[in-house]
Asker: 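Handing you this structure, nothing more for now.
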Protein chains: 2
Amino acid sequence: MTIANRKQREKEEMRSLILDAARTIFLEKGYEQASIRAIAEKIEYSPGTIYLYFKDKDEIFHALHEEGFSRMLKKMQPLQHVQDPFERLKAMGAVYLDFAQNNRDFYDLMFILQAPIKHEIDMEDWKMGHQTLDYLKNILRECQEQGRFRGRDINYLSFTIWSMVHGMSALYCRDRCKAYHDVNLEPKELMENGYKIFISALEKF
Amino acid sequence: MTIANRKQREKEEMRSLILDAARTIFLEKGYEQASIRAIAEKIEYSPGTIYLYFKDKDEIFHALHEEGFSRMLKKMQPLQHVQDPFERLKAMGAVYLDFAQNNRDFYDLMFILQAPIKHEIDMEDWKMGHQTLDYLKNILRECQEQGRFRGRDINYLSFTIWSMVHGMSALYCRDRCKAYHDVNLEPKELMENGYKIFISALEKF
DNA sequence: AAAAATAATGAACAGTGTTCAGCGGACAAA
DNA sequence: TTTGTCCGCTGAACACTGTTCATTATTTTT
């Protein structure tokens, strides 16, 4: 059975070889500008080979999509050590914004890009997305047990909060922060202070 | 001088003929999937002709970009009749969200698409964008004169509010509202109730 | 009516994602 | 060891993309 094992291993090695190349090129050029030929050239194989390991460009995209969520979830791990749920909520938002700023292209891939969402959302791909969202909802529930956000629907509340941090992140990723260039405000400043205002609002809520 | 006039008129007619076709195709297929050949075919001219009226695909995009802002500004006109600035602020957010939902692809074009923003933002293209943003800032100033949002920086405040409504709109446009499909919540519901929560937060702020 | 200027064409170029007949080396059976 | 069957891989080919430009057609000026 060792030969079958080796075959299996080689197949997986090839997949991750392709994915490594794809990641750098996707994140360098974006989904549309990244070409299969460029990925093939990077790993010194012919374009056709890639189609032996991935059905199409979308499938490569989805693999990276998943990697993005996995990276984000990892960054969220330390939050479990924050006792107070409201503090945890605030920290989660900060981690989220940080992730978007430091992994701009992964963020784009995960939350903005349309391209291959033909394959329907809330399938396998979004398992981790749901996981993150559920984590947020649970924090909110804990906050409610402490008396915060009394009487508010958890789903709507989570959507509001997600929209807030996503809004900033999306404006950042797609360079709309430049709308504040005329008043000499940098994206980083905007997001930091914008988030502070949001937090104050939540505190009084 | 009548012949020069006619030439001028014909040139403009041709431009708007192209733009009409481009708009339907752009909004149907999105920026990347819309092809010059498809636009040419729709108006029954050869592909080359389009390049006699527009430098490239980006220039067509920018013309539509401007049209989007012009449409949005028009929808904002009635707001001037709302006396109370805070009421006007609330109404502005509602108009914004409404625009995003009912002109999804224009909204995408204006605030999400990356494609041809190579041409730099805050040039001519963003004149109307800045106009809208300034309008928001002025409302906020009026609110402050009434004692609301005391001591807050207008720029950061406007960014927070913009991010909020953009966040919802962007999640809507890029189908991330589907993350709530498992709890049977429709995008419209989410946005309506999410916005209500945001408004309550602003009221207590 | 001839000449000049303008407008429109469509073939061509370099690029894209994707497919597939065929090649060559590794494996199994003789 | 030789034979025969796989199977990973190739790269040419297909149908598409944005863009350019020599050529042709039309209109205006002389």
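All chains are named by letter (A, B, ...) in the order of the sequence lines, taking the proteins before the strands, and each is independently numbered beginning at 1.
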Asker: In this structure, how many angstroms lie between the P atom of D:dG11 and the CD atom of A:E44, rounded?
Answerer: 13 Å
Asker: Roughly, in whole Å, what's the span from CD in A:E41 to C1' in D:dG11?
Answerer: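 For the pair A:E41 CD and D:dG11 C1', the rounded distance is 14 Å.
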Asker: Quick check against the 3.5 Å criterion: does A:T160 have a side-chain atom that pairs as donor or acceptor with the backbone of B:G194?
Answerer: yes
Asker: Examine distances only and state if a side-chain atom of A:R174 and a backbone atom of A:I112 form a donor-acceptor pair shorter than 3.5 Å.
Answerer: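 Flag not set: sc A:R174 to bb A:I112 has no pair under 3.5 Å.
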Asker: Check every strand shown and say whether B:F54 touches a base, only sugar-phosphate, or nothing at a heavy-atom separation below 4.0 Å.
Answerer: nothing
Asker: If you restrict it to nitrogen or oxygen atoms, what contacts under 3.5 Å exist between nucleotides 17-21 of chain C and the protein, and what is each distance?
Answerer:
unit_1	atom_1	unit_2	atom_2	d
C:dG17	OP1	A:A34	O	3.0
C:dG17	OP1	A:I36	N	3.2
C:dG17	OP1	A:K57	NZ	3.2
C:dG17	OP2	A:I36	N	2.9
C:dG17	N7	A:R37	NH1	2.7
C:dG17	O6	A:R37	NH2	2.8
C:dT18	OP2	A:Y51	OH	2.5
C:dT18	OP2	A:K57	N	3.0
C:dT18	O5'	A:Y51	OH	3.2
C:dT18	O4	A:R37	NH2	3.4

Asker: In whole angstrom, give the distance that lies between atom CD of B:E59 and atom C1' of D:dG18.
Answerer: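 Interatomic distance, CD of B:E59 to C1' of D:dG18: 15 Å.
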Asker: Around A:K75, counting heavy atoms of other residues, nucleotides and ligands shown, do more than 12 lie under 6.0 Å from its NZ?
Answerer: no
Asker: Sub-3.5 Å donor-acceptor pair from the side chain of B:H65 to the main-chain atoms of B:F61, do we have one?
Answerer: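 No, because the side chain of B:H65 does not come within donor-acceptor range (under 3.5 Å) of the backbone of B:F61.
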Asker: Taking only residues at least two apart or on different chains, which pairs with a member in residues 36-45 of chain B satisfy salt bridge (Lys or Arg N to Asp or Glu O under 4.0 Å)?
Answerer: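 For residues 36-45 of chain B: none.
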Asker: I'd like a table of donor-acceptor pairs (distance under 3.5 Å, sequence neighbours excluded) in which one partner is a side-chain atom from residues 20-29 of chain A, with atom names and distances.
Answerer:
unit_1	atom_1	unit_2	atom_2	d
A:D20	OD1	A:R23	NH2	3.1
A:R23	NH1	A:E67	OE1	2.8
A:R23	NH1	A:E67	OE2	2.8
A:T24	OG1	A:A21	O	2.8

Asker: Quick one: A:F61 CZ to C:dT16 P, roughly how many Å, whole number?
Answerer: 19 Å
Asker: Round to a whole Å and report the spacing from CD1 of B:I18 to C1' of C:dA7.
Answerer: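 Answer to the nearest Å: 12 Å.
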Asker: Could you give the OH-to-P distance, from B:Y45 to D:dT24, as a whole number of Å?
Answerer: 21 Å
Asker: If I take atom CG in residue B:L52 and atom C1' in nucleotide D:dT26, what distance separates them, rounded to the nearest angstrom?
Answerer: 14 Å
Asker: Rounded to the Å, how far apart are A:I43 CD1 and D:dT10 P?
Answerer: 9 Å
